[in-house]
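In this text the structure is predicted, and so the values were computed from the model without any measurement. Atoms within a ligand are numbered from 1 in the order they appear, just like the ligands themselves.
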Amino acid sequence: MDHDEILCWLLENDPLRLEMLWRAADLTRRLEVGDAVHLRGLIEVSNVCQRSCAYCGIAACAPKVERYRMTREDILECADRALEYGFGTVVMQAGEDPGITGPWMAEIIATLKQRTGLAITLSLGERSEDDLKAWRNAGADRYLLRFETTDDELYRRIHPPVGSSSSSSASDRIRQLERMRDLGYEIGTGVMVGIPGQTWETLTQDILAFRHYDMDMIGIGPYLPSPGTPLDGTLGETLRGEAGARQVPNDSLTTLKAVALTRLVCPRTNIPSTTALATADPSQGRANGLSRGANVIMPNLTQPRYRELYQIYPGKAGLHETADITVGRIREQIRLLGRTTGQGPGSSPRGKELS
Ligand code: SAH
């Protein structure tokens with residue numbers, strides 16, 4: 001599929017034609033990665049952050065956020081739950097928190113690995129080469145770092161560098177992903193759909209970049225405005241004004257088109273049906289993602305007392321639930337779709353092909 005075809009499909013609104021897109025994505029998913037839906041237990045380790053991403057509700061500049069960092073014991077407790085539920089992977093996500101030091105996290109990774117044998121995915125923001133190496137050596141298997149947009153100028157405006165550093169750019173996150181791959185991580189990336197300033201052209205380029213960089217995992221969710229952030233205020237208005245009629249809407253339908261097209265251009269990639277999609281459409285979002293290209297879900301295992309504080313956007317699906325309820329509902333959704341729950345770590349199908 002080339003640039004113009006992707007763009008055309010993104011702009012398509014005829015329900016009958018879209019049905020063809022959904023079917024093609026679902027069939028490709030089935031043939032290339034099978035019916036298994038892999039469950040990854042999400043642990044929201046810390047909401048402390050030194051960055052000021054203009055979209056994010058826990059950014060350094062976000063007012064009135066009560067900050068927390070889990071203890072080592074809290075984290076290991078979540079990992080034990082993942083094991084009990086039969087998941088193959090845990091995902092440790094956090095703000096870019098300097099209090100998560102290299103050695104502290106390395107020890108947790110090594111202990112968690114030894115105790116549970118689970119695959120370990122990290123999503124801890126942009127970190128030093130030393131940290132990435134130490135964590136890989138300690139047993140981390142995968143790293144998620146969304147490049148957020150291929151438009152360098154837009155990236156610069158929504159993702160200011162930390163302090164006086166001027167090294168932050170779109171290409172920088174891509175370079176970091178490539179370094180991670182060199183260190184032996186499976187790498188995951190992704191974008192939000194409908195951030196102010198994102199045009200149809202940009203989103204097309206994003207999807208082409210997924211293919212170009214040959215990612216192992218690609219997460220795509222709608223942009224959900226977080227009150228009090230610059231992107232929900234004047235910066236958002238300015239960027240939307242600049243994009244004009246080419247602005248991509250942040251709705252579920254457009255997100256599903258992006259998920260389906262990503263499955264078609266990256267047939268063997270792991271693609272989650274994201275929590276953001278489930279938040280935008282609580283009744284159907286998760287199931288629609290799974291039936292239009294996705295093969296992964298990341299149920300939240302964070303203790304309820306922390307969940308409330310990890311609001312990168314408001315009203316996150318499952319905010320007031322226990323893990324038991326979330327996991328039960330997800331299993332039922334998988335069953336109703338006639339799919340199976342994945343066994344084992346659910347490593348990159350791409351990787352299997354290569355090794
Ligand atoms: N600090 C880590 C983890 C960030 S949260 C990092 O920077 O990688 C993971 C993803 O959530 C982000 O990469 C972003 O794409 C998404 N996200 C953040 N704010 C959002 C919002 N307001 N709406 C939707 N998705 C958002």
Check: I43 main-chain N/O paired with Y306 side-chain donor or acceptor under 3.5 Å: no

How far does [atom1] of [X] sit from [atom2] of [Y], to the nearest 0.5 angstrom?
X   : Y    : atom1 : atom2 : result
Q50 : E96  : CD    : CD    : 5.0 Å
R17 : W22  : CZ    : CH2   : 12.5 Å
C78 : L301 : SG    : CG    : 6.0 Å

Proximity of P222 to ligand 1 by residue part, where a heavy atom lies under 4.0 Å: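 Backbone only.
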
Is there at least one pair of N or O atoms, one from [X] and one from ligand 1, spaced under 3.5 Å apart?
X    : answer
Y313 : no
L224 : yes
Y223 : no

Any donor-acceptor N or O pair under 3.5 Å, side chains D26, S291: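 No.
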
Given E44, R81, E308, Q93, the one that forms side chain to side chain donor-acceptor pair (under 3.5 Å) with T302: E44

With sequence neighbours excluded, residues passing ring-ring contact (aromatic ring centres under 6.0 Å, His included) with F210: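 Per chain and number, F210 pairs via ring-ring contact (aromatic ring centres under 6.0 Å, His included) with F147.
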
Would you indicate which of [options] comes nearest to [atom] when only heavy atoms are counted?
atom                   : options                : answer
atom 2 (C) of ligand 1 : A94, G95, C56          : A94
atom 8 (O) of ligand 1 : T274, I220, L145, L124 : L145
atom 9 (C) of ligand 1 : Q93, R51, M192, Q311   : Q93

Within-shell test, K316 vs ligand 1, heavy atom, strictly < 4.0 Å: no

Shortest protein contact, atom 19 (N) of ligand 1 (heavy atom only): Y55 CD1, 3.4 Å

Nearest-contact summary for atom 11 (O) of ligand 1 - protein heavy atom, Å: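 Nearest protein contact, heavy atoms only, for atom 11 (O) of ligand 1 is I312 CD1, 3.6 Å.
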
